[in-house]
Amino acid sequence: MQPIIEIHPFPPVLSPQAKVMMMGTFPPTAEKRCMEFHYPNFQNDMWRIYGLVFFNDKTYFQVENEKRFDPERIKSFLIERNIAACPTVRKAIREQGNASDKFLKIIEPVNLSDVLKQLPNCQWIFTTGGKATEILCNLLPDKLKEPKTNEFIDFLFEGRELKLYRLPSTSRAYPLSLEKKAESYRNFFKLAGVL
């Protein structure tokens with residue numbers, strides 16, 4: 001049986017004013033999504049972390065009394081706060097049929113050049129876990145040592161000086177408490193000047 005090549009289902013959020021860009025990998029399968037937007041699994045802590053960091057409320061982006069997040073509220077917030085969101089992967093095969101990065105075969109990465117041309121003010125890229133960091137580093141012309149979690153590297157891309165910051169995965173499978181993850185993200189957003 002031929003493996004199924006999937007295309008990332010959500011368009012990036014690329015506001016020209018964005019100062020930072022969040023880059024992950026690939027969303028879970030449709031039945032695991034609570035919304036049609038980035039980080040759509042209700043078990044994933046991404047939008048709880050954003051709620052804690054910016055509003056001191058982990059349920060800020062949750063639809064009241066429902067097990068889902070509000071994609072329009074999230075998108076408006078990202079644009080307002082000058083945060084872009086774009087996956088590192090455009091096409092992939094799920095070798096185990098799940099969302100695990102470990103079993104994600106990358107068929108086509110994002111065209112980083114095209115994306116960055118739409119973000120003239122972007123100075124920071126932050127990745128949300130190891131696989132996204134690895135993919136992004138493979139897109140750079142110079143082979144650089146990947147930053148460790150909660151650290152960053154400077155790099156040059158098509159004449160632009162940029163910084164790559166690696167943050168912990170927001171998956172529940174990543175062994176770190178919600179509060180500790182939120183602290184990492186808070187520290188980054190302060191450093192990048194969006195908090």
Is it true that a side-chain atom of Thr88 and a backbone atom of Gly24 form a donor plus acceptor pair closer than 3.5 Å? yes

Residue pair Glu36 / Pro71, side-chain heavy-atom distance below 4.5 Å: no

Suppose we screen for side-chain contact (heavy atoms from CB on, under 4.5 Å). Which residues come up paired with Pro16, at least two apart in sequence or across chains? none

What verdict does the side chain to side chain contact (heavy atoms under 4.5 Å, CB included) test give for Leu116 and Glu158, after you've listed the backbone C-alpha separation in whole Å, the side-chain angles of each residue and the deciding distance to 0.1 Å? CA-CA 10 Å; Leu116 284 171; Glu158 297 182 351; over 6 Å; no

Would you name the heavy atoms of Lys163 and Asp154 that are closest together and state the gap between them? NZ-OD1, 2.6 Å

Candidate pair Lys91 and Glu6, rule salt bridge (charged side-chain N to carboxylate O under 4.0 Å, His left out), full reasoning: CA-CA 5 Å; Lys91 292 181 183 176; Glu6 292 183 53; over 6 Å; no

Heavy-atom check, side chain of Pro27 versus side chain of Phe37, under 4.5 Å: no

Mind checking whether Arg160 and Cys122 have side chains closer than 4.5 Å, heavy atoms only? yes

Would you mind reporting whether His38 and His8 have side-chain heavy atoms less than 4.5 Å apart? yes

Tell me if a side-chain donor or acceptor on Gln62 pairs with a main-chain N or O of Glu66 at a distance below 3.5 Å. yes

Taken to the nearest 0.5 Å, the spacing of Glu183 CD from Leu176 CG works out to 9.0 Å

Output for pair (Lys145 NZ, Ile153 CD1), nearest 0.5 Å, gives 10.5 Å

Using a 3.5 Å distance criterion without hydrogens, assess whether the side chain of Arg73 forms a donor-acceptor pair with backbone atoms of Tyr60. yes

Can you get from Met23 to Phe126 by hopping between Ile, Leu, Val, Met, Phe, Trp and Tyr side chains that sit under 4.5 Å apart? no

Report yes if some heavy atom in the side chain of Ile4 is under 4.5 Å from a heavy atom in the side chain of Ile93; otherwise report no. no

Taking the six-membered ring where the residue is Trp, are the ring centres of Phe77 and Phe55 under 6.0 Å apart? yes

Suppose we call two aromatic rings close when their centres sit under 6.0 Å apart. Are Tyr50 and Phe189 close by that rule? yes

Check Lys105 with Glu95, please: is the shortest side-chain N to carboxylate O separation under 4.0 Å? no

Do the side chains of Val20 and Leu139 join up, straight or via other hydrophobic residues, at under 4.5 Å, putting them in one cluster? no

Working for side chain to side chain contact (heavy atoms under 4.5 Å, CB included), residues Asn150 and Asn187: CA-CA 9 Å; Asn150 296 321; Asn187 291 339; over 6 Å; no

Looking only at the side chains, is there a donor atom on one of Asn111 and Ser113 sitting less than 3.5 Å from an acceptor on the other? no

Decide whether a cation-pi geometry holds between Arg48 and Phe42; the criteria are a distance under 6.0 Å from NZ or CZ to the six-membered ring centre and an angle within 45° of the ring axis. yes

Strictly distance-based, threshold 3.5 Å: is any side-chain N or O of Arg166 a donor or acceptor partner for the main-chain N or O of Phe152? no

In Å, rounded to the nearest 0.5 Å, how long is the span from CG of Leu164 to CD1 of Ile125? 6.5 Å

Please identify which of these residues, Thr170, Asp45, Thr128, Asn44, meets the side chain to side chain donor-acceptor pair (under 3.5 Å) condition with Tyr39. Thr128

Roughly how far, to the nearest 0.5 Å, is OG1 of Thr127 from CD of Glu146? 8.5 Å

How about Leu178 and Lys58: do any of their side-chain heavy atoms sit closer than 4.5 Å? yes

Under a single-linkage definition using a 4.5 Å side-chain heavy-atom cutoff for Ile, Leu, Val, Met, Phe, Trp and Tyr, are Phe26 and Ile5 assigned to the same hydrophobic cluster? no

Rounded at 0.5 Å granularity, tell me how far CE in Met46 sits from CD1 in Ile49. 6.0 Å

Do Leu104 and Thr25 come within less than 4.5 Å of each other through their side chains, counting heavy atoms only? yes

I want to check something: taking the side chain as every heavy atom from C-beta on, are Gln17 and Ile79 in contact at a cut-off of under 4.5 Å? no

Can you give me the closest heavy-atom contact between Phe10 and Arg33, atom names plus distance? CZ-CD, 3.8 Å

Salt bridge (Lys or Arg N to Asp or Glu O under 4.0 Å) filter on Lys19, not counting sequence neighbours, yields none

What do you reckon, is CD of Gln2 surrounded by more than 12 foreign heavy atoms closer than 6.0 Å? no

Just verifying a value: how many Å separate Cys86 SG and Leu112 CG, rounded to the nearest 0.5 Å? 8.0 Å

Are Leu167 and Val89 linked, directly or through other ILVMFWY residues, by side chains that come within less than 4.5 angstrom of each other? no

Which pairs count as salt bridge (Lys or Arg N to Asp or Glu O under 4.0 Å) when at least one residue sits in residues 113-140, sequence neighbours excluded? none

Is there a chain of hydrophobic side chains (I, L, V, M, F, W, Y, each step under 4.5 Å between heavy atoms) that links Phe69 to Met22? yes

Please find the pair of heavy atoms, one from Pro109 and one from Ile135, that lie closest to each other, and give the distance. CB-CG2, 4.3 Å

Check whether Tyr185 reaches the backbone of Pro168 with its side chain - one donor and one acceptor, N or O, closer than 3.5 Å. yes

Would you say the side-chain atoms of Trp124 pair up with the backbone N or O of Met21, donor to acceptor, closer than 3.5 Å? no

Determine whether a donor-acceptor pair (N or O, by modelled atom type, separation under 3.5 Å) exists between the side chain of Lys181 and the backbone of Ser171. yes

I'd like to know whether NZ of Lys180 has more than 12 heavy-atom contacts from other residues, nucleotides or ligands below 6.0 angstrom. no

Looking only at non-hydrogen atoms, find the nearest pair between Leu119 and Ala84 and report the distance. CD1-CB, 4.0 Å

Using modelled atom types only, decide if a donor and an acceptor are shared between the side chain of Arg172 and the backbone of Gln43 within a distance under 3.5 Å. yes

Indicate, with yes or no, if the rings of Phe188 and Tyr165 have centres closer together than 6.0 Å. yes

